[in-house]
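Everything on this sheet refers to the single structure shown next.
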Amino acid sequence: MPFAYLKSLNEEQLNAVLHEDGPLLILAGAGSGKTRVITLRAVHLIKTGKAKPYNILGVTFTNKAAREMKERIKKALEYEEGGHMEYGSGNGFGLPEFSTFHSFCLKLLRRHADLAGYERSFVVFDEDDSSKVITKIIKSLNLNEKIITPSKAKYFIERNKNSFINAEESFGTVKAWEKDYAVIYSEYSKKLKESNAMDFNDLLFNAVKLFQNNPQILERYSNLYKYIMVDEFQDTNYIQDKLIKLLAGKHKNICVVGDDDQSIYSFRGATIDNILSFEKTYPGCSVIKLERNYRSTKNILDAASILVRGNKLRKDKTLTTDKKGGGSRITVYQANNDYSESYYIAKEIRRLIREDGYSNKDIAILYRANSQSRVIEDRLVKESIRYNIYGGLKFYQRKEIKDILSFLRFALNPKDAVSFERSIQCVPTGAGEKTIKNMQDIAFKNGADILTALKTGLFSSIRGLNNMQAQTISIAPASSPAAAPDSSVSGIANYFDVILKIKSEMESVILDKQGEMVKTADEGAATESGLSRDSNSGDKLADIINFVYKASGYEAMLRTGVSKANELDRNRIENIEELINASHDFDDITEFLDQSAINDTKEEPDARDGSDITKVSLMTIHSAKGLEFPVVFIAGLEEHLFPHIRSLDNELSLEEERRLCYVGITRAKEKLYLTWSKRRRSGKDYKYNMPSRFLREIPEELIEEIIDNYEYY
DNA sequence: CCTGTCCCTTTTTTT
DNA sequence: AAGGGACAGG
């Protein structure tokens with residue numbers, strides 16, 4: 001066989017990799033090597049000359065998965081080249097596009113913002129931004145806030161957008177008692193449009209709309225992406241499926257990989273129907289089942305299989321393993337309280353490293369809810385076990401980071417009301433709710449955005465702006481101490497001065513960029529990431545951020561806090577310094593802000609410290625999907641936590657919890673620990689819990705139980 | 001009209 | 001814990 005990488009595959013995997021044209025459905029059980037199949041299929045298409053790298057589009061759910069796939073493809077191509085770097089030389093030219101649905105759509109919409117009906121400087125609102133808008137709308141509509149909550153409204157909007165139903169259409173489909181939500185949806189859409197902003201769901205929605213309204217654009221992209229692969233297909237929702245159908249409609253070279261047992265995102269609108277109807281959508285499609293598990297020991301696999309068999313709504317299937325012997329039993333540990341549980345986990349990790357030869361990176365601690373991490377973290381710190389926490393409050397969601405970035409966002413897109421309000425209020429400027437409203441009203445009446453209104457003197461009646469004069473503060477390099485705000489200038493005047501200053505700085509950088517883009521933007525995504533590397537804009541972005549930090553008075557504000565021995569402010573200072581650091585890696589401001597909205601930067605801290613000290617991984621089971629570890633702890637196996645209390649009222653969500661547990665268990669290769677605690681602190685007091693039903697569903701003979709009566713705190 | 005402070009609720013999972 | 005609401009002070 002001419003291609004060495006094919007040798008390591010079993011028959012089914014090989015069939016999948018060798019599949020060329022036409023639709024292909026791969027039903028891949030946990031640990032059956034689907035990532036290898038996807039990546040090698042891409043490699044094979046390239047090596048056989050069926051496709052150029054840029055003809056392949058891979059869609060995944062997390063940035064982490066996308067990164068990993070790209071990395072693997074790069075390695076495989078390099079390996080095949082015998083060390084030559086024709087592919088994957090780091091500039092993106094030689095590698096297929098692998099991205100999440102959201103980042104793919106965002107790139108697409110940036111390129112065709114005008115056709116999508118947005119200005120090219122549009123921003124992406126994250127959950128937090130959206131919530132703010134929704135809360136305000138509910139207030140302004142004088143709705144009963146006890147009944148109509150922002151989270152319900154958000155859910156309504158999301159549900160509709162995921163079903164490709166816009167605000168007007170939603171009036172037609174709502175039930176009578178949901179009428180208010182449709183009104184909110186409508187106001188919300190208006191508000192976002194006025195802000196030249198899209199939320200996460202809009203990214204999908206507008207991409208689909210773009211393709212539907214512009215057949216020539218769709219044509220172009222389906223010609224470009226001749227081969228499309230979708231990972232975790234069981235977790236796609238209606239609109240994601242629709243996007244893929246549009247792109248693949250012409251050539252039908254669509255390969256999807258999924259496992260109904262690992263469907264854990266129905267709360268986000270994911271529907272298993274997409275897998276079930278795949279064969280109907282693409283008659284005569286090939287179906288390949290991967291049922292051999294290469295990951296886990298027999299004990300672990302049996303526990304998982306038997307557990308998930310408790311679900312009624314599933315296609316029956318059996319995962320088999322060739323592993324000899326059962327492996328060690330699954331440890332079920334019962335603690336008196338959550339501190340004891342963490343104590344045990346930390347102690348056991350130390351033992352695993354000391355006696356069993358594992359290292360930190362081999363070990364993961366998984367849990368149902370992010371709130372569980374705190375107690376565990378505290379214990380790991382005390383035991384000096386290095387760890388990396390994934391998910392939870394992400395770096396770019398932190399208040400101080402969002403505060404600083406809101407200056408850049410507003411300066412680039414002066415229609416962005418959320419960033420305007422945020423930036424002007426995060427430091428005491430003397431402008432409060434009334435003043436802001438006042439400015440917005442003036443601007444609105446004159447059909448101008450805030451900055452235009454400011455520049456044309458419309459704000460002369462605003463206190464603090466009546467005698468605003470040109471300032472002389474300038475943007476100094478990040479390394480030198482930039483000017484703090486001049487106390488003789490009003491807070492609000494200083495604020496606008498900072499905004500205008502960074503606006504002109506940023507625009508000059510972006511203009512340079514667009515000049516480059518015109519040269520290269522011909523046909524195709526091949527040029528996509530290739531053009532931004534060698535720019536001479538250098539550390540401009542870091543300088544700008546540093547300038548905002550200093551000149552807005554944000555730093556001064558935090559440092560006063562620190563003098564009061566405020567640990568939180570100290571952390572915030574560190575985080576902003578880290579932000580400035582991270583910004584050195586970017587010279588495209590839009591790209592930087594885009595990734596701050598939709599990319600997790602989970603991986604970054606580790607990569608940057610450059611050391612080879614490895615760390616234990618902490619994350620929710622949701623974020624662990626697609627990963628594997630030699631040793632896995634799943635903490636908090638209690639009724640009301642896992643399965644979660646909010647899933648107990650209906651069979652569907654209970655089954656999803658069980659699948660989630662299945663996903664958690666199948667992350668483990670060699671050793672699995674399931675821990676639970678009789679008492680768990682929740683807020684001020686303790687809650688008493690029963691062991692999770694999932695523990696009972698695992699056969700006793702696979703388990704070794706430890707009951708610990710010690711109380712640690 | 002803005003800002004600081006005290007007290008109150010809330011915390012499933014994610015791009 | 002930490003963000004939001006209520007209230008007092010400036």
Side-chain angles (χ1 to χ4, degrees), chain A residues 59-66 99-106 124-128 130-132 135 139 145 149-151 154-155 158 161-162 198-204 232 235-237 239-240 263-270 366-374 390-394 396-399 424-425 427-438 462-464 490-492 557 560-561 564 567-568 571 594-600 602 619-625 636 640-648 653 656-657 659-661 663-664 680-684 687:
Chain A
V59 187
T60 62
F61 269 79
T62 62
N63 296 293
K64 202 186 222 176
S99 53
T100 63
F101 274 104
H102 292 83
S103 65
F104 173 77
C105 291
L106 177 53
V124 179
F125 275 6
D126 67 14
E127 296 282 305
D128 188 48
S130 303
S131 293
K132 282 191 170 143
T135 308
K139 286 209 164 81
E145 290 177 44
T149 64
S151 73
K154 216 159 104 195
Y155 178 70
E158 192 171 302
K161 285 189 180 173
N162 284 340
M198 298 188 202
D199 66 16
F200 288 154
N201 304 306
D202 285 334
L203 295 173
L204 267 302
E232 310 282 12
D235 286 327
T236 51
N237 59 31
I239 197 157
Q240 290 166 334
S263 162
I264 54 175
Y265 280 100
S266 70
F267 66 92
R268 206 168 68 184
L366 311 182
Y367 34 80
R368 175 67 180 84
N370 283 305
S371 58
Q372 287 172 256
S373 72
R374 177 153 229 108
Y390 298 86
L393 189 60
K394 285 172 205 135
Y396 285 102
Q397 322 247 76
R398 286 171 199 279
K399 181 184 185 311
I424 200 170
Q425 282 191 301
V427 171
T429 51
E433 210 182 323
K434 292 277 148 119
T435 310
I436 291 169
K437 183 84 179 28
N438 201 217
I462 304 289
R463 191 161 52 99
S490 82
I492 187 167
M557 179 181 74
T560 346
K564 287 185 240 156
E567 192 56 35
L568 184 66
N571 282 333
D594 280 352
Q595 68 88 31
S596 81
I598 63 165
N599 271 15
D600 52 74
K602 293 164 177 175
M619 69 190 93
T620 62
I621 303 172
H622 279 92
S623 12
K625 193 161 67 147
H640 293 207
L641 181 59
F642 196 16
H644 196 270
I645 188 163
R646 294 182 65 168
S647 66
L648 295 180
S653 49
E656 180 148 311
E657 294 285 303
R659 288 194 295 271
L660 187 60
C661 191
V663 169
R680 183 173 295 276
R681 184 127 105 182
S682 114
K684 281 191 283 290
K687 264 187 358 207

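Order of the sequence lines fixes the chain letters, A, B, ..., with proteins taken first and strands second; residue numbering starts at 1 for each chain.
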Using whole Å, report how far [atom1] of [X] lies from [atom2] of [N].
X	N	atom1	atom2	answer
E158(A)	dT13(B)	CD	C1'	12 Å
Y390(A)	dT14(B)	OH	P	15 Å
N370(A)	dA1(C)	CG	P	16 Å
R268(A)	dT13(B)	CZ	P	13 Å
Q397(A)	dT14(B)	CD	P	11 Å
Q425(A)	dC1(B)	CD	P	14 Å
K64(A)	dT15(B)	NZ	P	10 Å
F267(A)	dT14(B)	CZ	C1'	5 Å

Ignoring backbone atoms, test whether [X] places a side-chain nitrogen or oxygen under 4.0 Å from the OP1 or OP2 oxygen of [N].
X	N	result
N237(A)	dT15(B)	no
T435(A)	dC1(B)	no
S623(A)	dT13(B)	no
K139(A)	dG5(C)	yes
K394(A)	dT15(B)	yes

For the pair F101(A) and T236(A), evaluate side-chain contact (heavy atoms from CB on, under 4.5 Å) and give the outcome as yes or no after the intermediate values. CA-CA 9 Å; F101(A) 274 104; T236(A) 51; 3.9 Å; yes
A431(A) or H622(A), whichever maps to the more 5' nucleotide of DNA chain B: A431(A)
Y265(A) on top of dT14(B)'s base, within under 5.5 Å and under 30°?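 Stacking between Y265(A) and dT14(B): absent.
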If you look at every strand shown and take non-hydrogen atoms under 4.0 Å, does [X] touch a base, only sugar-phosphate, or nothing?
X	result
E127(A)	base
F61(A)	sugar-phosphate
N201(A)	nothing
K154(A)	nothing
S647(A)	nothing
S103(A)	nothing

Within 6.0 Å of CZ in R398(A), more than 12 heavy atoms from elsewhere: yes
Tell me whether K687(A) at atom NZ has more than 12 heavy atoms from other residues, nucleotides or ligands lying less than 6.0 Å away.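 Atom NZ in K687(A) is not packed in, count stays at 12 or less.
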Will you find, in the side chains of S130(A) and K154(A), an N or O donor that is under 3.5 Å from an N or O acceptor? no
F61(A) and Y265(A) aromatic ring geometry - parallel, tilted or perpendicular at 30°/60° bounds: parallel
Can you figure out which of dT15(B), dC1(B), dT13(B) approaches the side chain of K434(A) most closely? dC1(B)
K399(A), nearest nucleotide to its side chain (from dT15(B), dG3(C), dT13(B)):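 Among the listed nucleotides, the one closest to the side chain of K399(A) is dG3(C).
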Going by the rule salt bridge (Lys or Arg N to Asp or Glu O under 4.0 Å), which residues pair with R268(A) if we only count those two or more places apart in sequence or in a different chain? none
